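Here's the structure, in structure tokens; my notes come after.
Remember, it's a predicted structure, so these values are computed and weren't measured experimentally. By convention in this document, chain letters (A, B, ...) are assigned in the order of the sequence lines, proteins followed by strands, and residues within each chain are numbered from 1.
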2 protein chains.
Amino acid sequence: MYELPQDITQEKPDVFRKKCPARYLLSRVSGKWSMLIVDALHNKNLRNGELMRIIEGISQKMLTQTLRELEEIQLVKRHDMQTVPPHVEYELTELGKSLREKICAMDRWIEENMLELIANNPSIQLKRNKT
Amino acid sequence: MYELPQDITQEKPDVFRKKCPARYLLSRVSGKWSMLIVDALHNKNLRNGELMRIIEGISQKMLTQTLRELEEIQLVKRHDMQTVPPHVEYELTELGKSLREKICAMDRWIEENMLELIANNPSIQLKRNKT
DNA sequence: CCGTATCCTACCAGATACTG
DNA sequence: CAGTATCTGGTAGGATACGG
């Protein structure tokens, strides 16, 4: 899906090109958990447990893993208070806050158009994933 | 990830709730191929082969599969011209065009901020997926 | 040209148990 | 509280071959 480009700086960013870093970033950002985490962090910093409670169905493993990935691409900042018991907060970076606008727009759009999207589609109401 | 709600109509759409259809729709829409296909269909109808050429790296299987899923949730309309050789076009529905705005906003944002996102991250430049 | 049908594999992600 | 570590199965998705 994503291959190393010859020279990143001289390449025009383009999600349609499989060798472009933009494609890799899209796959990271568009993940379901990524979008939900960024959405959840909209107005305040949240702790591990708070995120677990807000995002129903996410596992501890996927939460941690996704947070680390979001940190890596500069969207989330991790604040470890170095206390006992541990207190860690996650915060959106400026870049993250900027992206959040786009993600929230999508999430809210989906919620607003939910009934229309599943209209005449009894099959969707039958689909269920485990967990 | 997604479970059947007791009664869809009386439920407030909420992507954070795992039993809400909005969660299922998000997972469909946020898929990497889904977003690229909707993005690609922005200003004109496209044929199977054209989509294959525009979206580098997508397989025939995933293209067809994703198009069928987008059809199912009323985002894409399939036009079979019933000719020999076959001529099939894909078009965004009104709902699809509405969503396209949100998706394009995300894609363009990623492209514009690509260099900043991978800054200080030589590791990302080393990551590569097969294909 | 526009697909379907199989087969097969990697890895995504859940379950569970353990730690500072 | 906020994580790691390990095991495992399911499935996303690639490769290939065939068909109208």
Worksheet item: Would you call B:E69-B:R28 a salt bridge at under 4.0 Å N-O?
Response: yes
Worksheet item: Do B:D107 and A:K102 sit within salt-bridge range, that is, some charged N less than 4.0 Å from a carboxylate O?
Response: no
Worksheet item: Quick one: is B:Y90 getting a side-chain N or O under 4.0 Å of the C:dC2 phosphate, OP1 or OP2?
Response: no
Worksheet, complete the sentence: Per-residue pairing states of DNA chain C in dot-bracket (Watson-Crick or G-U under 3.5 Å; . unpaired, | other strand) read |.||||||||||||||||||
Item to complete: Look at B:S59 and D:dG13 and indicate whether a side-chain polar atom (N or O) is within less than 4.0 Å of OP1 or OP2.
Response: no
Item to complete: Using the salt bridge (charged side-chain N to carboxylate O under 4.0 Å, His left out) rule, take B:K97 and B:E94 through it: C-alpha gap first, then chi angles, then the decisive distance, then the call.
Response: CA-CA 5 Å; B:K97 288 175 188 168; B:E94 286 308 312; 3.4 Å; yes
Discussion item. Under a 4.0 Å threshold between the charged nitrogen and the carboxylate oxygen, would A:E56 count as salt-bridged to B:R17?
Written reply: yes
Fill in: Min side-chain heavy-atom separation A:Q60-A:N48 under 4.5 Å
yes
Worksheet item: Think B:R78 has a side-chain N or O under 4.0 angstrom from the OP1 or OP2 of C:dG3?
Response: yes
Discussion item. C:dG3, OP1 or OP2 - any side-chain N/O from B:R47 closer than 4.0 Å?
Written reply: no
Discussion item. How many whole angstroms separate atom CD of B:E50 from atom C1' of C:dC2?
Written reply: 13 Å
Discussion item. Let's see if you can work this out: which of C:dG14, C:dG3, D:dG13 has an atom nearest to the side-chain heavy atoms of A:K61?
Written reply: C:dG14
Worksheet item: In whole Å, what is the span from the CG atom of A:D80 to the C1' atom of D:dT4?
Response: 15 Å
Response to the item:
Separation of D:dG3 atom P from A:L63 atom CG, nearest Å, is 8 Å
Fill in: Atom pair distance, as rounded to whole Å: CZ in B:R28 and P in D:dT11
12 Å
Worksheet item: Between atom CD in A:E69 and atom P in C:dA13, what is the gap in whole Å?
Response: 9 Å
Worksheet item: If only side-chain N and O atoms of A:R68 are considered, is one of them under 4.0 Å from the OP1 or OP2 phosphate oxygen of D:dT4?
Response: yes
Worksheet item: Rounded to whole angstroms, how far apart are CG on A:L51 and C1' on D:dC1?
Response: 13 Å
Worksheet item: Of the candidate nucleotides C:dC1, D:dG3, D:dC1, which contains the atom at the shortest distance from the side chain of B:P86?
Response: C:dC1
Worksheet entry | N-O pairing of B:R68 and B:E71 below 4.0 Å | yes
Worksheet item: Is a salt bridge present between A:E111 and A:R108, judged by a nitrogen-to-oxygen distance below 4.0 Å?
Response: yes
Item to complete: Could you pick out which residue, A:P85 or A:M62, lies toward the 5' side of DNA chain C when each is mapped onto its nearest nucleotide?
Response: A:M62
